[in-house]
Every structure is written in structure tokens, then in C-alpha cells.
Amino acid sequence: MEMENMNFVWALLVAVLVWAFFRRRDRHNLPLPPGPIQWPVVGSLFSVGFRYRHKTFAALANKYGPLMHLRLGASNILVVSSPELAMEVLKHKDFEWSSRPPSAAGKYIGFDFHSLDFAPNGPQWRHLRKICITHLFSPTRIKMQSQIRREEILKMVDGIAAGGSPKGVVVDMRKMCDSLVLSIVKRMLFGKKYSNPEHPMAKEMESFMEVVKEAMILIGALIVSDLVPGLDWLDLQGYDRRIRKVSRRLERVYKLILDDHKKDLENEYAEEAKDFVHILLSLKGEEQLTEKSLMGLMTDVFLFGVDITATGIEWAMAELIQNQRILKKLQQAIDDTVNGRLVEEFDICRISYLESVVKEALRLHPPVPLTDPHYNEEAVDLSGYKIPAKFVMFVNIWGLAHDPKLWDEPFEFRPERFEACPDLNVSGNDMRYIPFSSGRRKCPASNLAYLKMQHAIAVLVQAFDWSLPEGQQDVNMEEGFGVICPMKVPLLALAKPRLEFLHATPTT
Ligand code: HEM
């Protein structure tokens with residue numbers, strides 16, 4: 001076992017012993033759903049392991065059924081793996097299951113649970129969710145910011161084209177996707193301000209990205225104080241200290257950004273010129289946000305807005321490169337639709353094969369393979385069981401999308417399966433396929449993220465022929481690990497320009 005995992009087991013052991021010494025007697029003797037053997041202290045840890053939890057959960061569900069109970073430390077966990085039960089917890093009983101458990105990341109990185117993702121169910125979460133839906137990710141706002149996405153995608157194409165000869169250039173797809181999505185998110189949040197190297201904040205922003213990366217690692221880590229509540233003061237793994245440090249650094253930069261934007265708003269500012277931070281600062285009356293909520297929302301957009309979308313694009317490109325027949329068919333579908341110019345965002349709704357390709361990539365490789373942890377504040381009936389309060393519940397998004405009882409050849413990349421059923425979409429109504437989840441906690445940015453993925457993939461595929469670099473036989477399709485599921489080995493691909501023109505016609 002790796003050193004880090006050994007440390008985790010020891011820390012958990014000490015924490016559970018201390019917890020058992022002090023805890024109130026609050027045991028319940030209700031029958032709970034079946035699950036793997038639970039050892040003293042560590043619970044089901046050895047059955048679940050440390051990695052690829054979505055795959056382990058799917059394998060365990062074959063044995064124990066679609067509603068499974070596990071224990072890790074003092075935490076009780078349910079895993080849901082059938083469409084019927086997913087419908088029950090995400091739609092019919094979504095109110096009961098729509099809270100989030102307490103966690104060190106939520107407390108510090110989510111600014112005392114003031115981020116949308118970490119906020120427990122209640123007025124604070126409802127307020128933040130409404131602001132996101134009506135102001136940040138509304139169809140009008142998405143349309144208003146289309147020029148930003150267009151410019152950044154064209155920059156990416158120019159960058160690839162400039163680096164190569166007619167024989168092509170090897171592209172590090174991971175770096176390229178990260179940089180594309182990051183530039184779009186930065187401009188949505190802050191406008192062009194900090195892209196100028198002369199701006200006093202430009203240097204600060206560079207080192208800020210390191211803090212964001214550290215925050216993502218910590219959000220994905222198994223932290224003992226999350227599994228044995230009330231013992232964060234022991235900080236047996238040193239994670240709590242790291243999380244507090246990251247939180248202080250995020251807070252410092254956020255405050256600088258907020259002050260800088262407040263100064264802008266002292267003068268008249270055109271609505272179209274406003275970035276997300278201007279919009280959030282301009283809210284008045286009941287909608288007005290506290291400083292903590294402003295910082296929480298910036299965390300939502302920055303931390304969840306970049307990695308997940310970039311991961312989705314990288315997986316889709318890997319599948320296309322492996323499946324040249326599908327790549328060619330997609331190129332043809334795009335060329336036929338746009339007829340002699342570079343594909344634009346407004347063309348996407350007319351290229352149904354593109355949608356099928358992106359849907360299939362999100363099915364085969366959902367970038368978020370398990371929902372975020374849902375949590376019941378009160379006891380709730382589920383599938384004949386009385387589930388006590390304060391259970392953590394995950395829906396296995398990956399498991400549902402790979403279940404051979406629900407899909408033909410679930411491990412094959414076959415976009416045609418979606419052409420046969422166009423109503424099967426990302427809206428979260430059919431629980432076999434929920435890459436953005438479903439119900440109250442569904443991803444609030446799904447429309448934006450889905451559009452961005454489709455446009456970026458369409459442009460890459462239309463502007464270049466893609467293949468493996470010389471000497472490489474296969475794409476390594478192994479998964480890395482974390483809350484977001486990246487490719488284990490970053491994808492390298494050879495891009496050869498296939499269009500004489502690389503500059504698009506102006507948008508309508
Ligand atoms: C392909 C890209 C994306 C995918 C597949 C995705 C998927 C998801 C999933 C599965 C959840 C968990 C829902 C649950 O717990 O039931 C989620 C939540 C969330 N996502 Fe996304 N997401 C993507 C992009 C984005 C982007 C671009 C943003 C922000 C700019 C974003 C912000 C959020 C937030 C704030 C939540 C928490 C919502 C809440 O708890 O109310 N996501 N997303």
C-alpha cells in the first residue's frame with residue numbers, strides 16, 4: 001500500500017478511537033441496505049479502496065444490488081446504481097436528498113459553505129442557485145459572451161496552425177484544452193483585464209493558478225476529519241492545515257479582484273462589457289450578495305468551470321482519434337452544414353451527428369463519474385428501508401452509463417446509438433444517462449459547458465486531421481483518479497491542417 005494510503009488508514013484508526021471514546025450513544029438498529037463487509041474502525045474501506053471508486057461501486061453493486069450501504073470511518077454512505085432508484089433520489093425525493101455533508105473543503109475552500117457546490121440545502125443555497133441560473137448561466141448571458149468563446153477558440157486554432165508545417169504538429173491535448181477553457185473562464189469572470197502582462201494584477205493571477213490546482217487536489221482527497229466528524233483539530237494527515245492555507249490565499253486574491261472591480265463600477269459600465277464579477281457586484285436589494293458568497297461563487301466558476309470541461313474535450317478527442325471512421329464522418333457532417341467556412345457556435349444545432357458524438361463521449365467518459373455527495377438532514381424512507389438522517393449518498397453516473405442491462409456494448413464508442421434515440425439528451429430526464437446529474441443539484445452550467453464542448457470539438461475536427469504521433473500505435477485510454485476523472489496519460493496527437501482558410505467569417 002502506498003505511503004499516503006497507509007497514513008490515511010493510521011489517521012482514520014486514531015480518529016475513530018478518539019471519536020468512539022467521546023461520542024454520544026446514538027446507534028440505531030434499523031435494517032440498512034446490503035453492502036460489503038464492515039470491519040471495525042475502517043468500515044468498508046478495503047472493499048472500496050482508494051481509487052476508481054465509480055468502477056468499484058459498479059462492481060460491488062453487481063453483488064449487493066442497486067442500493068448499497070457502506071461505512072467509511074464514522075460516515076454512512078449509500079450508493080445508488082439503477083435508473084429507478086436514481087429517479088427516486090434525484091427527482092421524487094430530491095428535496096430530502098439535496099443537502100451536502102459537512103467537509104473541510106466546504107468550510108475553507110467553499111468559504112464557510114457559501115459556494116453553491118458546498119452549500120447545504122437552505123435559503124443560502126437557494127439564493128446562490130437563483131443568481132447563477134438567472135444572471136450567470138442564463139441563455140441571454142451565454143449568448144452575450146459567445147464572442148469571448150469564439151475569439152479564444154480561434155486563438156487556439158491559430159496557435160496550432162502556427163506551430164506546424166503541412167506535415168503537421170504534435171499537440172499536447174491536455175495542455176491545449178486546459179489553456180483554452182481557462183482563458184474562456186478567466187475572460188467570463190474578469191474580462192480581458194488581467195491578460196495584459198502590464199496590469200498590476202497579472203503576476204498575482206499567474207501564481208493564483210497554482211493555488212487553484214492545489215485546491216482541486218484537496219477537494220478530491222480522502223480526509224479523515226470528513227469521515228470522523230468533530231476531529232479536525234487533530235489534523236492527523238496535515239490536510240486541514242493545507243486547506244486553511246489555500247483558503248487564505250484564495251481569499252487574499254479574491255479581495256483584490258473585488259476591490260479592483262468595485263472601482264470600475266464607480267463609473268458607468270455598459271451591460272455587454274460587464275464580466276461575471278461586475279454582474280455579481282451590481283446585484284441590489286434582495287439579490288445582493290455578501291462578500292463570502294461572492295468569493296464562494298468565484299470558487300464555483302473557477303474550480304469547477306475549468307477542469308471538468310477540459311477533461312470532457314480531451315476524452316472526446318481521444319475517442320475520435322482512435323475511431324477514424326467516426327472522425328471522418330463528423331468532418332463530413334460539419335463541412336456539409338457550414339459549406340466553406342469555419343464552424344460557428346450558431347451552426348451547432350444543425351449538426352446532429354456532432355451532438356451524438358459529444359453525447360457518446362460524455363456517456364463513455366463522464367468527467368464527473370459520481371454525483372457530488374448528497375446528504376439527508378432528516379430520516380427518509382427509501383426502497384423499503386428507513387434511512388436515518390445524515391447519510392451521504394452518491395448516484396453512480398458512470399455505473400448507469402456502463403450497465404450492460406441498459407446499453408448494448410456499453411464499452412464501445414458508438415455515437416450512432418444516440419442518433420437512433422434523439423430524445424435521450426443531457427437534460428437529466430432519463431436516468432440511464434445523466435452526465436450533468438439531475439434534479440435540484442444538477443450542474444447549473446450544463447448548457448454553457450455542453451455548448452463549449454461541442455463548439456471546441458467541431459472546430460478542432462474541421463480545421464485539422466488528427467492522428468497519433470509517429471511511432472505510437474494506440475491511445476492509452478486508462479483513467480486517472482480524482483473527483484474529476486481525467487485521462488491517466490495526457491493525450492498527444494498529430495494535427496495536420498485540412499482547410500486552406502483558418503480564419504472564420506464574421507458572426508451574424
Ligand atoms: C462537461 C462539463 C461539466 C460536467 C460534466 C459537469 C457535471 C456536474 C455534475 C455531475 C455535478 C454534480 C451534481 C450533483 O451533485 O448531483 C455538477 C455540479 C456543479 N457544477 Fe458542473 N459540470 C460541468 C461543467 C461545469 C462548469 C463549466 C461550471 C461552472 C462554470 C460548473 C459548475 C457546477 C456547480 C457550481 C455545481 C454544484 C451545483 C449545486 O450543488 O447546486 N460545472 N456538475
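All residue numbers in this chain count up from 1 along the given sequence. Note that the structure is predicted; figures quoted are calculated from it, not measured.
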Exercise for review: State, to 0.1 Å, how close Met431 and Ser438 come at their nearest heavy-atom pair, and which atoms those are.
Suggested key: CE-OG, 3.2 Å
**Study point:** Pair Lys55 + Glu479, salt bridge at N-O below 4.0 Å
**Key:** yes
Point to revise | 4.5 Å side-chain heavy-atom contact, Asp117 and Arg100 | key: yes
Check your understanding: With no hydrogens and no angle check, is any side-chain donor or acceptor of Ser183 less than 3.5 Å from a backbone partner on Ser179?
Key -> yes
Check your understanding: Any idea which heavy atoms bring Leu116 and Cys132 closest together, and the distance?
Key -> CD2-SG, 3.8 Å
Review point. If we only count heavy atoms from C-beta on, is the Met487 to Glu478 side-chain gap below 4.5 Å?
Key: no
Review point. Stepwise, does the side-chain contact (heavy atoms from CB on, under 4.5 Å) test hold for Val79 with Met393?
Key: CA-CA 6 Å; Val79 182; Met393 186 274 295; over 6 Å; no
Practice item. Evaluate the side-chain proximity of Leu320 to Trp315: yes if any heavy-atom separation is below 4.5 Å, no if none is. Key: no
Exercise for review: Using a 4.5 Å cut-off on heavy atoms from C-beta on, say whether the side chain of His374 contacts that of Leu90.
Suggested key: yes
Check your understanding: When rounded to the nearest 0.5 angstrom, what is the spacing between NE2 in His402 and OG in Ser81?
Key -> 13.5 Å
Study note, to complete from the structure: Between Val426 and Pro435 the two heavy atoms that sit nearest each other are CG1-CG, 4.1 Å
Exercise for review: Could you tell me whether the side chain of Phe276 reaches within less than 4.5 Å of the side chain of Gln145, counting heavy atoms only?
Suggested key: yes
Practice item. List in chain and number order the residues that pass side-chain hydrogen bond (donor to acceptor under 3.5 Å, both in side chains) with Asn62, two or more places apart in sequence or in another chain; answer none if no residue qualifies. Key: none
**Study point:** From Ser247 atom OG to Leu218 atom CG, the distance as rounded to the nearest 0.5 Å
**Key:** 11.0 Å
Review point. Can you tell me how far the CD1 atom of Ile219 sits from the CD atom of Glu214, to the nearest 0.5 Å?
Key: 11.0 Å
Check your understanding: Are the side chain of Ser75 and the backbone N or O of Arg71 linked by a donor-acceptor pair below 3.5 Å?
Key -> no
Practice item. Taking Ser115 for its side chain and Gly110 for its backbone only, find out whether a donor-acceptor pair lies under 3.5 Å. Key: no
For residues 365-372, which side-chain donor-acceptor pairs fall under 3.5 Å, sequence neighbours excluded?
residue : atom : partner : partner atom : Å
His365  : NE2  : Glu319  : OE2          : 2.7
Thr371  : OG1  : Val395  : N            : 3.0

Point to revise | CA sep, side-chain torsions, deciding dist, call: Ile109, Thr299, side-chain contact (heavy atoms from CB on, under 4.5 Å) | key: CA-CA 8 Å; Ile109 296 174; Thr299 294; 4.0 Å; yes
Check your understanding: Does Arg414 come within less than 4.0 Å of Glu360, counting only side-chain N to carboxylate O?
Key -> no
Point to revise | Over all atoms of both residues, closest heavy-atom pair of Met156 and Leu180 | key: SD-CD2, 3.7 Å
**Study point:** Minimum side-chain heavy-atom gap Glu345-Ser146 below 4.5 Å
**Key:** yes
Exercise for review: With sequence neighbours excluded, give me every side-chain hydrogen bond (donor to acceptor under 3.5 Å, both in side chains) pair touching residues 421-431.
Suggested key: Lys91-Asn429, Asn425-Ser427, Ser427-Asn429, Asp430-Arg432
**Study point:** Arg187 versus Ile148, closest heavy-atom pair with distance
**Key:** CB-CG2, 3.6 Å
Exercise for review: Give a yes-or-no answer on whether the side chains of Glu88 and Ser383 include a donor-acceptor pair shorter than 3.5 Å.
Suggested key: no
**Study point:** Residues Asp403 and Lys405 bridged, charged N to O under 4.0 Å
**Key:** yes
Exercise for review: Starting at CG of Leu78, measure out to OH of Tyr375 and round the result to the nearest 0.5 Å.
Suggested key: 12.0 Å
Exercise for review: Take Ile387 and Trp97 through the test side-chain contact (heavy atoms from CB on, under 4.5 Å) and record every step on the way to the result.
Suggested key: CA-CA 11 Å; Ile387 308 293; Trp97 283 107; 4.0 Å; yes
Review point. Can you check whether Pro388's main-chain N or O pairs, donor with acceptor, with Asn376's side chain at less than 3.5 Å?
Key: yes
Check your understanding: Below 4.5 Å, heavy atoms only, C-beta onward: do Met317 and Leu460 meet side chain to side chain?
Key -> yes
Exercise for review: Begin from the C-alpha positions of Val181 and Ile313 and carry the test side-chain contact (heavy atoms from CB on, under 4.5 Å) through to its verdict.
Suggested key: CA-CA 10 Å; Val181 183; Ile313 301 172; 4.3 Å; yes
**Study point:** Between CG on residue Asp275 and CG on residue Leu189, distance to nearest 0.5 Å
**Key:** 7.5 Å
Check your understanding: For Lys130, what residues pass the salt bridge (Lys or Arg N to Asp or Glu O under 4.0 Å) criterion, not counting sequence neighbours?
Key -> none
**Study point:** Qualifying residues under ring-ring contact (aromatic ring centres under 6.0 Å, His included), relative to Phe190, sequence neighbours excluded
**Key:** Tyr194, Phe302
Point to revise | Asp172 (side chain) donor-acceptor with Leu492 (main chain) under 3.5 angstrom | key: no
Practice item. May I ask you to check if Arg363 and Tyr433 form a cation-pi contact, with NZ or CZ under 6.0 angstrom from the six-membered ring centre and within 45° of the axis? Key: no
Study note, to complete from the structure: Between Leu364 and Trp398 the two heavy atoms that sit nearest each other are O-NE1, 4.1 Å
Exercise for review: May I ask you to test the Lys63-Leu60 pair for a side-chain heavy-atom distance under 4.5 Å?
Suggested key: no
Check your understanding: How long is the gap from CD on Gln322 to CG on Asp474, to the nearest 0.5 Å?
Key -> 6.5 Å
Practice item. With sequence neighbours excluded, tell me which residues meet salt bridge (Lys or Arg N to Asp or Glu O under 4.0 Å) with Asp300. Key: none
Study note, to complete from the structure: Residues passing the ring-ring contact (aromatic ring centres under 6.0 Å, His included) test with Trp466, sequence neighbours excluded, are Phe464
Review point. Got a sec, which pairs hit side-chain hydrogen bond (donor to acceptor under 3.5 Å, both in side chains) with one end in residues 439-457, sequence neighbours left out?
Key: Glu355-Tyr450
Check your understanding: Have Ser99 and Glu377 got a donor and an acceptor in their side chains that come within less than 3.5 Å?
Key -> yes
Check your understanding: Can you name the side-chain contact (heavy atoms from CB on, under 4.5 Å) partners of Glu84, sequence neighbours left out?
Key -> Ser82
Study note, to complete from the structure: So the ring-ring contact (aromatic ring centres under 6.0 Å, His included) pairs with at least one residue in residues 111-134 (sequence neighbours excluded) are Phe111-Tyr254
Review point. In chain order, what residues pass the ring-ring contact (aromatic ring centres under 6.0 Å, His included) check against Phe394, with sequence neighbours excluded?
Key: none
Check your understanding: Given the rule in the salt bridge (charged side-chain N to carboxylate O under 4.0 Å, His left out) test, do Arg417 and Asp408 qualify, once you have shown the distances and angles that lead to the verdict?
Key -> CA-CA 9 Å; Arg417 73 175 86 234; Asp408 278 346; over 6 Å; no
Exercise for review: Verify the ring-centre separation between His69 and Tyr385: is it less than 6.0 angstrom?
Suggested key: no
Got a list of side-chain donor-acceptor pairs under 3.5 Å for residues 304-311, not counting sequence neighbours?
residue : atom : partner : partner atom : Å
Thr309  : OG1  : Gly305  : O            : 3.4
Thr311  : OG1  : Asp307  : O            : 2.7

Check your understanding: Are Lys359 and Glu419 within salt-bridge range, i.e. N to O under 4.0 Å?
Key -> no
